[in-house]
Amino acid sequence: MTLSQSIKQQIIANLETLVTNGVIKGFISVDRGKDAFTNPPTAGYPFALIGMPRVANDMEDTANNLRTYRFDILFVINYENMPDMTYTIEGMIDAVLNQFDTNFTLEGTAIAAQVPPAQVNAFPISTPTQDFLAFVVTIEARTTYQLGT
């Protein structure tokens with residue numbers, strides 16, 4: 001399994017925990033895009049979508065690269081299913097952040113001293129027939145790639 005695949009596998013394990021804890025109803029892992037409207041939720045709202053990473057490299061030394069794998073996870077919430085929008089969204093954001101903050105090395109796939117805290121950006125989305133709230137949680141996992149392996 002590649003470094004990127006290992007990191008994504010651990011992010012998916014955290015999303016599975018969020019489903020088990022009732023924070024989200026499901027998630028979709030796609031490698032073709034992150035459009036929540038062309039990938040409808042199978043279990044309902046709220047749900048998450050995880051796609052492909054962005055990758056940056058820094059030469060650590062002549063034998064190693066420090067790679068940063070950035071995964072943006074899109075969470076989509078349907079306003080109709082939320083009992084109290086004032087507190088529910090913030091509570092959901094905190095529950096998601098708490099899940100990733102307590103497993104910030106992603107079971108050792110990321111270097112602990114090199115993992116910045118997760119970041120969140122929230123915004124409304126409207127279509128002609130529906131209103132949603134979405135937020136993106138950015139996970140940056142840094143790990144070392146040994147050149148030539």
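In terms of heavy atoms, L133 sits closest to P124 at CD1-N, 4.1 Å. For the pair S4 and Y69, the tightest heavy-atom approach, listed with the atom from each and the gap, is CB-CE2, 3.5 Å. When all heavy atoms of L74 and F123 are compared, the pair lying nearest together is CD1-CZ, 4.1 Å. Residues A95 and L18 share a closest heavy-atom pair of O-CD2, 3.9 Å. Nearest heavy atom pair, residue L106 against residue Q10, reads O-CG, 3.1 Å. For the residue pair P46 and M92, the shortest heavy atom distance occurs at CB-CE, 3.4 Å.
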N64 and Y145: side-chain contact (heavy atoms from CB on, under 4.5 Å), yes or no, with the steps? CA-CA 6 Å; N64 299 289; Y145 170 72; over 6 Å; no
Side chain to side chain donor-acceptor pair (under 3.5 Å) evaluation trace for D72 with T138: CA-CA 4 Å; D72 293 318; T138 299; 2.7 Å; yes
Begin from the C-alpha positions of R67 and L3 and carry the test side-chain contact (heavy atoms from CB on, under 4.5 Å) through to its verdict. CA-CA 9 Å; R67 286 190 182 165; L3 295 172; 4.3 Å; yes
Take I50 and L15 through the test side-chain contact (heavy atoms from CB on, under 4.5 Å) and record every step on the way to the result. CA-CA 9 Å; I50 181 170; L15 292 174; 4.1 Å; yes
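Annotation: the span from D94 atom CG to E90 atom CD amounts to 8.0 Å, rounded to 0.5 Å. The OH atom of Y45 lies 5.0 Å from the CD atom of Q130; values are rounded to the nearest 0.5 Å. Atom CG of N14 sits about 8.0 Å away from atom CD1 of I73, to the nearest 0.5 Å.
No side-chain heavy atom of V55 sits less than 4.5 Å from a side-chain heavy atom of T68. You'll find the side chain of V96 reaches within 4.5 Å of the side chain of V23, heavy atoms only. With contacts defined as side-chain heavy-atom distances shorter than 4.5 Å, the pair I7/P53 does not qualify. Using a 4.5 Å heavy-atom cutoff, the side chains of L49 and V30 are in contact. I77 places none of its side-chain heavy atoms less than 4.5 Å from the side chain of F132.
Ion pair D58/R142 not flagged as a salt bridge, since none of the NZ, NE, NH1 or NH2 atoms sits closer than 4.0 Å to an Asp/Glu carboxylate oxygen.
Within the structure, the salt bridge (charged side-chain N to carboxylate O under 4.0 Å, His left out) test picks out the following pairs touching residues 1-16 (sequence neighbours left out): K8-D31.
Aromatic ring orientation, F135 versus F75: parallel (interplanar angle below 30°, classes split at 30° and 60°).
Looking at Q5, its side chain does come within 3.5 Å of a backbone N or O of T2 through a donor-acceptor pair. In this structure, the side chain of D131 does not engage the main chain of T127 through any donor-acceptor pair within 3.5 Å.
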